[in-house]
Engineer: 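To start, I am sharing the structure in question, which I have written as structure tokens.
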Amino acid sequence: MRNAEIAEALSELATLYELDGAIRYRVLAYREAARVVRQSPVSVEELAREGRATELPGVGETLQEKILALVDTGAIPSATKLKRKLPPGLVEVTRVPGVGAKTARRLFDDLGVASLDDLRAAAEQERIRSLKGLGPKFEENVLAALGKLADRGPAERLLLSEVLPVAEQLASDLRADPASQAVEVAGSARRRTETCHDIDLIATAADPAALAQALLDHPLAAVKGSSGESGARITTHNGIAVDPRIVAPEAYGNLLQHFTGSAEHNVELRERALTMGLSVSEHGITEVESGEVARYATEAEVYGRLRLAYIEPELREASGGIAAAADGKLPALVGLADLRGDLHWHTTLSDGHNTLEEMSEAARSRGYAYLAVTDHSATHGFGNDVQADRLRERIEEVRRLNAGRRGFRVLAGSEVNILPDGSLDYDDELLGQLDWVIASVHTSFRISRQAMTERVLAAIDHPLVDCIGHLTGRLIGRRDPYEIDVERVAAEAARTGTMLEINGNPNRRDLSERHARVAADAGATIVLNTDAHGVDTLINMQYAVATARRAWLEPEQIANTRGWREFSKLRKRGS
DNA sequence: GCCGTTTTCGGCCCGACTGTTTTCAGTCG
């Protein structure tokens, strides 16, 4: 059973306990355990079977037993029992924004509301207002929230690539406004998570009202909220809510830190602060005993007051950033400027939009020292296949392009399909002519975990495969990763010197940050690629870098931070 | 239910907002 399924069951049980009126700390414990299980890089089922699930922080003997029951029988007995007592639709009701467990339980006990449909009916018939403490406004909010759930689904999140450019545009325009002093993107966009649901902007201004007005007047603003002195909410034309907070310069660091999050990071930070007799909030750091409040203009000072080194936003998750900062063991993260080449580009030869010459010129003007053109291979289909003869011509074209050039080279490459039996769709003689071969799965995703793992391991063991592309095939929010044993793949990649790609296409980000950390810990060499299909998507390297940073990777762990001479030796065929 | 440089018991993050209240509980991030 996958960690996500175990986490889902624990999270559901938390809600059931909450509906049943359990003490809130028990509920919190289950929620926390669900989070830890979801984020575990190793199989929690296997850990539990070895009796080692208790090594996960937040999982004790009781939860380990429940996890074991779940993986053995498909259900947790206490959850089964509660489900007999409470209607299954009630868990859904608690997911309606503004309706929590307490309210849901009262709606069930007093009005018999047992599902989202019941809730809608009760609100429409104005029966909810008969309950003490709930009125017409609540009914109105419930109906609005139900409408939104129906419109877009409960968990609509936007890709980072949809949010970040808008956020940066707004920040940069507000910075240029004479009313502003400092403007920064905060929130999940600053942490470079895979998806975001809104934009948080933090600013200081000589004239806060004028800056708020500048945002309201911005051409990207479609729906304008109320303009107050602390901010002015807008929604952009592409449907992103923007939440600005404009504050005095002396607390800028506190506010930026708070609204960058993550929520889990802030919780951990406040817990640490309490052991030092300090209380942390967005307004400052209070000495509990004296009540004295310290405000800081920079985040570095905030962390410094808590005796921590500055923590990069990408590390502000429940992944050990605070512990590492306390021990002085934070990584020196890779940055966009460290990249010297890109090893996964398509051209018009297969499904790209630009020619070999256009792509190569774009790479050169970006300052890269090398670039691999890797069009699709012989079986690719959709009219984008490249037959062997055509690839041989392409190799000659690349040789001519490189002739007489210094300081920049194009590698003749291919993104070769890994067929269901693990074989490749060009013969070894042709693969041997190439400078660089990426092998990827593009078909037959729905085979067993065992079969998929063997399939990819066969490619890794091939002496002419330099790199594996987008290892799990996921499309964020649209297609789940296919079943594959990433730990085994990573170990074999490390053993054979086969590189593993972090694909920077913002829909993919594959390896994921979790898998990238697993791969790097196994000693595999990582390469950051864009999988660009045109000159306009070269900028996707920033998303590969984002995933690498969130995976704690340093430049040395990434092959294409090296100059050509060193990089070429790292290739399997170069050694 | 978990956990331990104040604890094997008694704690467990902080503040704003909302709708409904005469002082607050519930919800959210």
Side-chain angles (χ1 to χ4, degrees), chain A residues 10-11 13-37 53-67 76 78-79 93-107 128-142 144-145 157 186-188 191 193 196-200 225-226 228 230-231 233 241 243 245 247 251 254-255 257-286 288-289 293 306-307 316 318 322 326:
Chain A
L10 294 178
S11 169
L13 183 52
T15 305
L16 288 167
Y17 272 133
E18 196 175 19
L19 286 165
D20 195 42
I23 61 158
R24 64 195 221 92
Y25 292 110
R26 174 148 75 160
V27 175
L28 274 177
Y30 278 88
R31 294 249 155 82
E32 173 65 8
R35 193 187 60 71
V36 168
V37 167
T54 52
E55 289 173 17
L56 296 166
V59 177
E61 292 294 340
T62 306
L63 273 157
Q64 173 157 273
E65 270 174 43
K66 297 195 176 191
I67 291 169
I76 304 173
S78 47
V93 172
T94 66
R95 298 207 177 111
V96 177
V99 182
K102 292 258 166 49
T103 309
R105 184 60 198 259
R106 286 185 60 208
L107 289 169
I128 296 180
R129 63 183 66 180
S130 69
L131 269 56
K132 191 170 161 60
L134 300 176
K137 186 70 188 168
F138 182 86
E139 288 170 345
E140 195 181 301
N141 290 346
V142 160
R157 310 235 338 153
S188 52
R191 303 197 313 278
T193 53
C196 309
H197 77 275
D198 64 4
I199 294 172
D200 290 299
S226 64
S230 65
R233 296 188 66 115
D243 206 354
R245 285 181 188 78
V247 295
N254 299 97
L255 205 78
Q257 192 287 316
H258 178 84
F259 283 102
T260 296
S262 66
E264 292 85 356
H265 175 80
N266 286 351
V267 166
E268 207 181 319
L269 203 65
R270 291 188 203 112
E271 284 170 351
R272 173 184 174 83
L274 280 180
T275 68
M276 302 168 63
L278 299 170
S279 172
V280 176
S281 82
E282 61 263 51
H283 307 298
I285 299 182
T286 308
V288 175
E289 204 160 302
V293 182
L306 301 169
R307 294 204 286 274
R316 299 185 197 172
I322 290 176

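So you know, we letter chains A, B, ... as the sequences are listed, proteins then strands, and number each from 1. Below, each value reflects all heavy atoms present in this structure, side chains not excepted, and no hydrogens, waters or symmetry copies.
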Engineer: To the nearest Å, how far apart are Arg272(A) CZ and dC14(B) C1'?
Structural biologist: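 That distance rounds to 18 Å.
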Engineer: Between Gly100(A) and Gln64(A), who's closer to the 5' end of DNA chain B by nearest nucleotide?
Structural biologist: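 The residue mapped nearer the 5' terminus is Gln64(A).
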Engineer: Shortest non-hydrogen contact from Asp200(A) to Gly187(A)?
Structural biologist: OD2-CA, 3.6 Å
Engineer: Does any nucleotide pair with dC28(B) by Watson-Crick or G-U wobble geometry, both distances under 3.5 Å, and what is it?
Structural biologist: dG15(B)
Engineer: Flag the pair Val247(A) / Glu282(A) as yes when at least one side-chain heavy-atom distance between them is below 4.5 Å, and no otherwise.
Structural biologist: no
Engineer: What's the closest nucleotide to the side chain of Ser281(A) if the choices are dG1(B), dC14(B), dC28(B)?
Structural biologist: dC14(B)
Engineer: By centroid distance (under 5.5 Å) and plane angle (under 30°), are Tyr25(A) and dC12(B) in a stacked arrangement?
Structural biologist: yes
Engineer: Ignoring backbone atoms, test whether Ser279(A) places a side-chain nitrogen or oxygen under 4.0 Å from the OP1 or OP2 oxygen of dC14(B).
Structural biologist: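 Result: yes.
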Engineer: Among side-chain atoms of Arg31(A) and Thr15(A), is any donor-acceptor pair under 3.5 angstrom?
Structural biologist: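 Looking only at side-chain atoms, Thr15(A) and Arg31(A) do form a donor-acceptor pair, the distance falling under 3.5 Å.
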Engineer: For the side chain of Lys102(A), starting at C-beta, report the closest nucleotide among dT27(B), dG1(B), dG15(B).
Structural biologist: dT27(B)
Engineer: Could you check how far CD1 of Ile67(A) sits from C1' of dG1(B), rounded to whole Å?
Structural biologist: 12 Å
Engineer: Looking at CG of Asn254(A) and CD1 of Ile285(A), how far apart are the two atoms once the value is rounded to the nearest 0.5 Å?
Structural biologist: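 So the CG of Asn254(A) and the CD1 of Ile285(A) are separated by 6.0 Å.
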Engineer: Please work out if Ala101(A) contacts a base, only the sugar-phosphate, or nothing of the nucleic acid, heavy-atom cut-off 4.0 Å.
Structural biologist: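 Result for Ala101(A) = sugar-phosphate.
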Engineer: Taking atom C1' of dG26(B) as reference, at what distance in whole Å does atom CD of Glu18(A) sit?
Structural biologist: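 In whole Å, dG26(B) C1' lies 11 Å from Glu18(A) CD.
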Engineer: Can you confirm whether Asn266(A) sits close enough to Gln257(A) that some side-chain heavy atom of one is under 4.5 Å from a side-chain heavy atom of the other?
Structural biologist: yes
Engineer: Minimum heavy-atom separation for Gln64(A) and Thr54(A), please, with both atom names.
Structural biologist: OE1-N, 3.4 Å
Engineer: Given dG19(B), is OP1 or OP2 found less than 4.0 Å from the side-chain N or O atoms of Asn141(A)?
Structural biologist: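 Answer yes for this pair, as a side-chain N or O of Asn141(A) is under 4.0 Å from OP1 or OP2.
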Engineer: Looking at His258(A), I'd like to know whether one of its side-chain N or O atoms comes within less than 4.0 Å of OP1 or OP2 on dG29(B).
Structural biologist: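 Negative; the distance criterion is not met.
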Engineer: Roughly how many Å is it from CD in Glu61(A) to P in dC2(B), rounded to a whole number?
Structural biologist: 8 Å
Engineer: What's the closest nucleotide to the Leu63(A) side chain, out of dT20(B), dC2(B), dG15(B)?
Structural biologist: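 Comparing dT20(B), dC2(B), dG15(B) against the side chain of Leu63(A), the answer is dC2(B).
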Engineer: Starting at atom CG of Leu255(A), determine the distance to atom P of dC14(B), rounded to an integer number of angstrom.
Structural biologist: 17 Å
Engineer: In whole Å, I'd like the distance from the CZ atom of Arg31(A) to the P atom of dC2(B).
Structural biologist: 16 Å
Engineer: What contact category does Leu269(A) fall into here, base, sugar-phosphate, or nothing, at under 4.0 angstrom with non-hydrogen atoms?
Structural biologist: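 Result for Leu269(A) = nothing.
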Engineer: Give the rounded distance in Å between these two atoms: CG of Leu134(A) and C1' of dA25(B).
Structural biologist: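 The distance from CG of Leu134(A) to C1' of dA25(B) comes to 11 Å, rounded to the nearest Å.
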Engineer: Do any side-chain nitrogens or oxygens of Thr62(A) fall under 4.0 Å of OP1 or OP2 in dC2(B)?
Structural biologist: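 Yes, because at least one side-chain N or O of Thr62(A) sits under 4.0 Å from OP1 or OP2 of dC2(B).
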Engineer: Using atom P in both nucleotides, what's the gap between dT23(B) and dC17(B) to the nearest angstrom?
Structural biologist: 22 Å
Engineer: How close or far is atom P of dC28(B) from atom CG of Asn266(A), stated in whole angstroms?
Structural biologist: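 These atoms are roughly 19 Å apart.
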Engineer: Counting side-chain heavy atoms from C-beta on, which of dC28(B), dG15(B), dG1(B) comes nearest to Ala29(A)?
Structural biologist: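 That would be dG1(B).
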Engineer: Between dG15(B), dT27(B), dG19(B), which nucleotide has the shortest distance from any of its atoms to the side chain of Thr103(A)?
Structural biologist: dT27(B)
Engineer: Between dC14(B), dG15(B), dG1(B), spot the one nearest the side chain of Tyr30(A), thanks.
Structural biologist: dG1(B)
Engineer: Starting at the 5' end of DNA chain B, which residue's closest nucleotide do you reach first, Pro97(A) or Thr275(A)?
Structural biologist: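 By nearest-heavy-atom nucleotide position, the 5'-most residue is Thr275(A).
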Engineer: Under 4.0 Å, counting only non-hydrogen atoms across every strand here, what does Val280(A) touch: a base, just sugar-phosphate, or nothing?
Structural biologist: sugar-phosphate
Engineer: Tell me what Val36(A) touches on the nucleic acid: a base, only sugar-phosphate, or nothing, going by heavy atoms under 4.0 Å.
Structural biologist: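 Contact class for Val36(A): none.
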